[in-house]
Amino acid sequence: MELKTKKVTAQKSQEEIFNFLTDLKNFEQLMPENIEKFEVDGESFLFCLKGMPEIRLVLNEKTPNEKIVLGAASSKLSFSLTGIIENADENSSDVQLFFKGDFNPMMAMMVKKPLQKFMDVLIENIEKV
């Protein structure tokens, strides 16, 4: 299953957005309002949205100023969330999120809509940073 967000323009340089996203504490600012729990532990963070199970994301890969890849910490669900950052000009950058998950068809059908909504909130909040 693959999902993506619209591309947004953030009013920060490519480097500033990259630094913001690689500091995992900042993801708390990007979360939807219905967040119940958020904890950073080194190169990973755990979050829980109301009515959903806890999810731990691990920082798997970072390409300076261009890309950040978060992956599932649990082997039960295999997925990644990738942020691509492109230079728009010296004071702004274009950002887009991509989700790739290995789910069975039933699970994919259940999580697709809430997951897309979650990603849309993240990207809208990145745009406001």
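As the structure is a computational prediction, the values presented were derived from the model and not from experiment. Numbers here simply count residues along the sequence, with the first being 1.
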Do [X] and [Y] land in one hydrophobic cluster if side-chain heavy atoms of ILVMFWY residues count as linked below 4.5 Å?
X    : Y   : result
V121 : L49 : no
L70  : V8  : yes
F118 : F98 : no
L57  : I84 : no
I55  : F99 : yes

Could you tell me which residues satisfy ring-ring contact (aromatic ring centres under 6.0 Å, His included) with F38, sequence neighbours excluded, listed by chain and number? F45
Taken in chain and number order and not counting sequence neighbours, the residues that satisfy ring-ring contact (aromatic ring centres under 6.0 Å, His included) with F20 are none
What's the separation between atom [atom1] in [X] and atom [atom2] in [Y], rounded to the nearest 0.5 Å?
X    : Y    : atom1 : atom2 : result
N65  : E15  : CG    : CD    : 5.0 Å
M110 : N104 : CE    : CG    : 9.0 Å
E66  : I17  : CD    : CD1   : 14.5 Å
I35  : M52  : CD1   : CE    : 12.0 Å

Taking salt bridge (Lys or Arg N to Asp or Glu O under 4.0 Å) as the definition, give me every residue that meets it alongside [X], ordered by chain and number, with sequence neighbours left out.
X   : answer
K6  : none
E2  : K100
K7  : E86
K25 : D23

Partner set under side chain to side chain donor-acceptor pair (under 3.5 Å) for [X], not counting sequence neighbours:
X    : result
K112 : none
S80  : none
D89  : S92
E43  : none

Distance only, no hydrogens: is a donor on one side chain within 3.5 Å (strictly under) of an acceptor on the other, for N87 and S93? no
Answer with yes or no whether the side chains of N19 and E16 bring together a donor and an acceptor at under 3.5 Å. no
A side-chain contact here means heavy atoms from C-beta on lying under 4.5 Å apart; do [X] and [Y] qualify?
X   : Y    : result
L46 : V40  : no
L3  : M1   : yes
L97 : L122 : yes

Under the side-chain contact (heavy atoms from CB on, under 4.5 Å) rule, what do K12 and N91 come out as? Steps first, then yes or no, please. CA-CA 5 Å; K12 291 202 181 306; N91 297 316; over 6 Å; no
Assess whether side-chain contact (heavy atoms from CB on, under 4.5 Å) is satisfied between L24 and D41, documenting all intermediate values. CA-CA 9 Å; L24 300 180; D41 181 21; over 6 Å; no
Considering only residues two or more places apart or on different chains, which pairs with a residue in residues 46-64 satisfy side chain to side chain donor-acceptor pair (under 3.5 Å)? K37-E54, S44-R56, E61-K67
Does anything in residues 115-125 form a side chain to side chain donor-acceptor pair (under 3.5 Å)? List the pairs, not counting sequence neighbours. Q116-D120
Heavy-atom pair of closest approach, residues L59 and T22: CD2-O, 4.3 Å
Could you walk me through whether L77 and F103 satisfy the side-chain contact (heavy atoms from CB on, under 4.5 Å) test, starting with their C-alpha distance in whole Å, then the side-chain angles of each, then the deciding distance to 0.1 Å, before giving a yes or no? CA-CA 7 Å; L77 291 176; F103 302 135; 3.6 Å; yes
Show the numbers, then the answer: is there a side-chain contact (heavy atoms from CB on, under 4.5 Å) between L81 and M119? CA-CA 9 Å; L81 180 63; M119 289 176 55; 4.3 Å; yes
Side-chain (E36) to main-chain (C48) donor-acceptor, under 3.5 angstrom: no
